[in-house]
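Everything on this sheet refers to the single structure shown next.
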Number of protein chains: 2
Amino acid sequence: MAKDGKTAARGKRERLVSAAVALAYRQGFARTTLADIAAESGVPLGNVYYYFKTREDIGAAVLDYRKDQFAQARERFAALPSPKERLKAFVDMTVGNADNVAQKGCPMGTLCAELLKMPDAFAEGAGALLTVPMAWMAEQFVELGYDSEASDLALKLQTGLQGASMMTLSARDPALLVREGERLKGWIEGL
Amino acid sequence: MAKDGKTAARGKRERLVSAAVALAYRQGFARTTLADIAAESGVPLGNVYYYFKTREDIGAAVLDYRKDQFAQARERFAALPSPKERLKAFVDMTVGNADNVAQKGCPMGTLCAELLKMPDAFAEGAGALLTVPMAWMAEQFVELGYDSEASDLALKLQTGLQGASMMTLSARDPALLVREGERLKGWIEGL
DNA sequence: GTCTATACGGCGATAGAC
DNA sequence: GTCTATCGCCGTATAGAC
């Protein structure tokens, strides 16, 4: 199956993006070279340019990957019966990554912070990594009947998760994020 | 006054560090070159190496500068009569920087996150940028009589500030940090 | 589509005159 | 202590054979 070039090409492109995402998360995008990405994905350096015209394009692909990651999670959460369960599932998703967060920070938050310090064209849209999930949270709170306060509550939840992620990273202690996650889930449950 | 070399040297060194700190805050340390720092401080490139053996040493100086910045704030806060006022002064310090935070994030938090992704030797001690202030907060809460919960309360405060800073950056809206700061000060006041 | 070889520029770092 | 000139490496990007 799928012996055609397009499929092979897509597979390689995906491997390149995966490698770039992993490396950008581990060591920051700025410090990630094309040689790093080529090595990690097993693609020869020169071939990278068949899939991406410039390094900047790879950065854009990394950003898109992370955005898509939330979009997919959002679809999974949509299957859950209540807004509270959906919100708690989001918290669980973050908490489930606690070990990584303690070493490399929140995948969305750290990428967002890094890209927003880059020249305008490149940074464009990086803020969405955190604001789009927050807007989704607000929708859930609306569904819970908190019309006027929905965006405040969403801000509070996303702030709590991001703050906890930052402190988890600085203290290098996953338990911290786990604990804050439990607290936030309790808060959601009690609303 | 101060015609001797040592003083001139110290002045130049300080200008170099100031430039490095500003550039690392604005565009990240990874993307900051020695040429950038030399240009911004008005020191010729070759002369930079009289003050710093390696680029890594400049990174260490930037980290030290930020650590010292808190140490100095801590001394100022010590003059305030009550723990609550000291804690609120800390919040005010962060909120007072809201316009910068909206563009470049928390000076401590973003540097901490960036350095902690670097090789071990370099990252060593970057976590202190957030954990040392948190430990100071805990001392204030102890003084308020919250012995057993002091570190939880400190974590909550620092988490709130860092989370608010991250969301302020991603939304590029200073008002967000101002609002969260007011909320946190109200919480402190009511303890 | 794939991969090797290489051009080109920029960056960290050094040499050495002043 | 100060500064110019420059070296060598590495990173992005391209040329061109297969």
Side-chain angles (χ1 to χ4, degrees), chain A residues 1-24 26-63 114-115 117-119 121-123, chain B residues 1-24 26-63 114-115 117-119 121-123:
Chain A
M1 70 196 78
K3 290 174 193 163
D4 62 298
K6 276 291 173 189
T7 302
R10 198 166 300 159
K12 268 198 185 179
R13 202 194 130 95
E14 276 162 15
R15 269 159 56 212
L16 283 166
V17 173
S18 290
V21 166
L23 284 161
R26 192 187 314 150
Q27 62 185 20
F29 181 69
R31 290 179 53 236
T32 299
T33 69
L34 296 177
D36 287 341
I37 297 167
E40 178 121 340
S41 59
V43 173
L45 177 57
N47 201 5
V48 172
Y49 287 89
Y50 178 75
Y51 299 96
F52 299 96
K53 282 188 195 58
T54 66
R55 187 187 120 96
E56 201 166 296
D57 287 348
I58 299 187
V62 169
L63 180 55
E114 182 177 8
L115 295 186
K117 291 196 179 195
M118 301 198 84
F122 200 77
Chain B
M1 69 191 77
K3 289 174 196 163
D4 62 297
K6 277 289 176 193
T7 302
R10 199 166 299 158
K12 269 197 184 180
R13 204 193 128 96
E14 276 162 15
R15 269 160 53 212
L16 284 166
V17 174
S18 291
V21 166
L23 284 161
R26 192 187 314 152
Q27 61 186 22
F29 180 69
R31 290 178 54 236
T32 298
T33 69
L34 295 179
D36 286 341
I37 296 168
E40 177 121 342
S41 60
V43 173
L45 179 56
N47 199 3
V48 171
Y49 288 88
Y50 178 77
Y51 299 96
F52 299 96
K53 281 189 195 59
T54 67
R55 186 188 122 96
E56 202 167 297
D57 287 348
I58 299 187
V62 169
L63 180 56
E114 181 176 9
L115 295 186
K117 292 196 177 192
M118 302 198 83
F122 200 77

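Because the structure is predicted, anything quoted here is derived from the model rather than measured.
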Nearest whole angstrom, please: distance from the [atom2] of [N] to the [atom1] of [X].
{"X": "A:R15", "N": "C:dT2", "atom1": "CZ", "atom2": "P", "answer": "10 Å"}
{"X": "A:L45", "N": "D:dC10", "atom1": "CG", "atom2": "P", "answer": "14 Å"}
{"X": "B:I37", "N": "C:dA13", "atom1": "CD1", "atom2": "P", "answer": "11 Å"}
{"X": "B:R13", "N": "D:dT2", "atom1": "CZ", "atom2": "C1'", "answer": "17 Å"}
{"X": "B:D57", "N": "C:dG12", "atom1": "CG", "atom2": "P", "answer": "13 Å"}
{"X": "A:L16", "N": "C:dT2", "atom1": "CG", "atom2": "P", "answer": "10 Å"}
{"X": "A:F52", "N": "D:dT14", "atom1": "CZ", "atom2": "C1'", "answer": "18 Å"}
{"X": "A:R55", "N": "D:dG11", "atom1": "CZ", "atom2": "P", "answer": "10 Å"}

Respond yes when some side-chain nitrogen or oxygen of A:Y51 is under 4.0 Å from OP1 or OP2 of C:dG1, and no when none is.
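The answer is no; no side-chain N or O of A:Y51 sits under 4.0 Å from OP1 or OP2.
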A:Y49 side chain N/O closer than 4.0 Å to the phosphate oxygens (OP1, OP2) of D:dA13?
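For A:Y49, the contact criterion (side-chain N or O under 4.0 Å from OP1 or OP2 of D:dA13) is met.
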Rounded to the nearest 0.5 Å, how far does CD of B:E40 lie from CZ of B:R26?
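Taking CZ in B:R26 and CD in B:E40, the distance rounds to 4.5 Å.
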Nucleotide nearest [X] when distance is taken to its side chain, options [options]:
{"X": "B:L34", "options": "D:dA13, D:dT12, C:dG12", "value": "C:dG12"}
{"X": "A:N47", "options": "C:dC3, D:dG11, D:dA13", "value": "C:dC3"}
{"X": "A:P44", "options": "C:dC3, D:dA13, D:dT4", "value": "C:dC3"}
{"X": "A:K12", "options": "C:dA13, C:dC11, C:dC3", "value": "C:dC3"}

Test: A:R31 cationic atom under 6.0 Å from B:F29 six-membered ring centre, within 45° of axis:
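So A:R31 doesn't make the cation-pi contact.
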Contact nearer the 5' end of DNA chain D, comparing A:K53 with A:T33
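Result: A:T33.
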How close do B:I37 and B:L16 get, counting heavy atoms only, and between which atoms?
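Nearest heavy atoms, B:I37 then B:L16: CG2-O, 3.7 Å.
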Which atom names give the shortest non-hydrogen contact between B:R13 and B:Y51, and what distance separates them?
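In this case the closest contact between B:R13 and B:Y51 is NH1-O, 3.6 Å.
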Look at the side chain of B:E114 and the backbone N and O of B:G28, then say whether any donor-acceptor pair between them is shorter than 3.5 Å.
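Answer holds: no.
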